[in-house]
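As C-alpha cells, the structure follows; a few thoughts come after it.
Ligands are counted one by one from 1 in listed order, and the atoms in each one are counted from 1 as well.
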Amino acid sequence: MDKKLLGIDLGGTTAKFAILTSEGEIQQKWSIDTNILDDGKHIVPDIIESINHHLKLYEMKPEQFIGIGMGTPGSVDIERGTVIGAYNLNWTTLQPVKDQIERGTGIAFALDNDANVAALGERWKGAGENDPDVIFMTLGTGVGGGIVMNSQLLHGVAGCAGEIGHVTVDPDGFECTCGKRGCLETVASATGVVRVARKLAEEYAGTSQLKASLDNGEDVSSKDVFELAEGNDDLALMVVDRVTYFLGLACGNLGNTLNPSAIIIGGGVSAAGEFLRGRVENYFREFTFPQVRNSTKVKLAELGNEAGVIGAASLALQFAK
Ligand SMILES: [Zn+2]
C-alpha cells in the first residue's frame with residue numbers, strides 16, 4: 001500500500017487535520033478546537049492525542065505514513081522544528097513542537113509558517129499548477145505570503161522571506177503593527193480595506209451608500225465595500241480602485257523581481273473574485289516591464305481553506321525514500 005501524508009493547519013481557533021495520498025489527494029479530514037489556555041501548553045498534547053485517536057479509528061499504523069507536516073502561526077525554526085512568538089496561540093516562549101510530536105506519534109514531522117504552507121498548497125494542487133516558481137499572497141485579517149522558487153520555499157536569513165504584507169506601497173501611509181508605515185497589510189487586509197474607506201470618506205462629498213453607512217457609525221466590512229462597489233457605489237468604487245492599485249503595485253514589483261509563472265491571491269478579501277483580480281491585473285500590467293507582463297499571471301487561489309492542510313502535508317514529502 002502507498003504511504004500517506006498527514007497535514008495539519010494550526011490556527012488560533014481550530015487545528016485542521018487531513019490524511020492524504022503522496023499525490024496530494026485528501027482521504028480523511030477532521031478538526032479540533034485549539035485550546036490556547038495556560039500559555040498554549042495543551043495545544044501540542046491535544047494534537048498528538050487527536051492523531052493517535054484517528055489512526056486507531058482508521059486502523060492505521062505510524063509506519064504507513066511518510067510523515068506529518070504542519071503550518072503554524074509565529075516564527076518558525078524549520079531546522080529545529082520550533083515555534084516562538086505565536087501570540088494568537090499564547091505561545092510566547094520557544095515551543096519544541098517537532099520533538100514533542102515525533103515522540104508522541106512515532107512519525108517524522110516537519111514545520112513551517114502558515115502562509116508558507118498555504119503557498120505550497122496552492123502551488124501544488126491549486127492555481128499554481130505545480131509550477132516551480134509561484135508567489136502566493138493571502139488577504140485576510142492580515143496580509144501573508146509565501147514565495148516558491150525552483151520548487152523550494154524561500155525563507156531568507158531570518159525566516160522573513162515572503163512577508164509580502166510588509167512591502168511598502170505607500171511611504172506616507174498608515175502605521176503598521178510592524179512599526180513602519182504604508183505596508184500592504186495596512187491597506188489590503190480586511191481591516192485595511194475599511195481603513196482606506198474611512199480615509200477616502202473624509203474627503204468625499206458625493207452620494208454614496210458606503211459614505212452614509214460609515215457616517216452613521218454602522219459596522220462596515222471589506223465584504224460590504226466590495227459588494228457596494230459591484231453595485232456601482234461611487235465611493236466604494238474609489239476604495240476598490242485604491243486598494244487594487246496598491247495590490248497591483250506590490251504584485252508588479254514582485255513580478256519584476258522574481259518573474260514567477262503566477263502570483264496567486266487568496267484569503268477572505270479574495271472572495272471578491274474576478275472583480276478584484278481583474279483590477280489588480282490592470283495595475284500589475286502598468287507596473288511591470290513587457291517580458292514580465294507577458295509571462296507572469298495574476299490568479300485567484302483555488303483551494304480555499306484546504307490550502308493549509310495540503311501544503312502542510314507536502315512538507316512531509318522530504319521524508320519520502
Ligand atoms: Zn508592516
Requested in this report: Check side chain to side chain donor-acceptor pair (under 3.5 Å) between Asp233 and all other residues, then give those that pass, not counting sequence neighbours.
Outcome: Ser208
Report summary line: Given a cut-off of 2.8 Å, the protein N, O or S atoms lying below it from the Zn ion (ligand 1) are His166 ND1, Cys176 SG, Cys178 SG, Cys183 SG
**Report entry** Side-chain donor-acceptor contact under 3.5 Å, Lys180 with Thr168
**Finding:** yes
Query raised in the report: Hey, would you say the Phe284 and Tyr245 ring centroids sit under 6.0 Å apart?
Result: no
Please report, to 0.1 Å, the donor-acceptor pairs under 3.5 Å made by any side chain of residues 291-303, with sequence neighbours excluded.
{"residue": "Arg293", "atom": "NE", "partner": "Arg285", "partner atom": "O", "Å": "2.9"}
{"residue": "Arg293", "atom": "NE", "partner": "Thr288", "partner atom": "O", "Å": "3.4"}
{"residue": "Arg293", "atom": "NH2", "partner": "Thr288", "partner atom": "O", "Å": "2.5"}
{"residue": "Asn294", "atom": "ND2", "partner": "Pro290", "partner atom": "O", "Å": "3.1"}
{"residue": "Ser295", "atom": "OG", "partner": "Asn259", "partner atom": "ND2", "Å": "3.0"}
{"residue": "Ser295", "atom": "OG", "partner": "Gln291", "partner atom": "O", "Å": "2.7"}
{"residue": "Thr296", "atom": "OG1", "partner": "Asn259", "partner atom": "ND2", "Å": "2.9"}
{"residue": "Thr296", "atom": "OG1", "partner": "Pro260", "partner atom": "O", "Å": "2.6"}
{"residue": "Lys299", "atom": "NZ", "partner": "Ala127", "partner atom": "O", "Å": "3.1"}
{"residue": "Lys299", "atom": "NZ", "partner": "Glu129", "partner atom": "OE2", "Å": "3.0"}
{"residue": "Glu302", "atom": "OE1", "partner": "Ala127", "partner atom": "N", "Å": "3.4"}

Query - Cation-aromatic face contact Arg181/Phe174, 6.0 Å, 45 degrees - result: no
Which donor-acceptor pairs under 3.5 Å do the side chains of residues 145-155 make with protein atoms, sequence neighbours left out?
{"residue": "Ser151", "atom": "OG", "partner": "Arg123", "partner atom": "NH2", "Å": "3.1"}
{"residue": "His155", "atom": "NE2", "partner": "Asp112", "partner atom": "OD2", "Å": "2.6"}

